[in-house]
Amino acid sequence: MSKARRSFSLEFKGEAAKAVIDQSRKVAEVAREIGVNEQTLRNWVNAYRKDHAGEEPPLSVSERARLRELEKEVRELRLKNEFLGKAAAFFAQEYR
């Protein structure tokens, strides 16, 4: 027996998305609280962000600097990961 599909008002979806965005809460936590699937709420949050993109305040200087740091760290970790993958493949071939 399948569940009946529930529908939610735009106001409900907006409030749920704002709970995640404005209060910096986890999607899983809010989803459990309101009784919806995590992916459903994630879709609502993405749609809310898309619809309200101009309303978000711009990043501060310190936030921009932190973002640059994190992007650099991600690049470095990707390079290390790629190298380790190649090394593992090389050694796997050597020991056959």
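Atoms considered below: every heavy atom in the structure, side chains included; atoms not considered: hydrogens, waters and symmetry mates. Because the structure is a prediction, the values reported are computed rather than measured.
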Anything under 3.5 Å between a donor and an acceptor, one on a side chain of residues 34-45, the other on a protein residue two or more places apart or in another chain? List them.
residue: N37; atom: OD1; partner: Q39; partner atom: N; Å: 2.7
residue: Q39; atom: OE1; partner: R42; partner atom: NH1; Å: 3.2
residue: Q39; atom: NE2; partner: N43; partner atom: OD1; Å: 3.0
residue: N43; atom: ND2; partner: Q39; partner atom: O; Å: 3.4

side-chain hydrogen bond (donor to acceptor under 3.5 Å, both in side chains) pairs, two or more places apart, involving residues 65-76: R66-E69
side-chain contact (heavy atoms from CB on, under 4.5 Å) assessment of V61 paired with R64: CA-CA 5 Å; V61 173; R64 261 191 243 114; 4.3 Å; yes
How many angstroms lie between [atom1] in [X] and [atom2] in [Y], if you round to the nearest 0.5 Å?
| X | Y | atom1 | atom2 | value |
| --- | --- | --- | --- | --- |
| S62 | L67 | OG | CG | 11.0 Å |
| Y48 | K13 | OH | NZ | 14.5 Å |
| R6 | F12 | CZ | CZ | 7.5 Å |

Note, R25 side chain near V20 side chain (heavy atom, < 4.5 Å): no
Main-chain N/O of S60 paired with E63 side-chain donor or acceptor, under 3.5 Å: yes
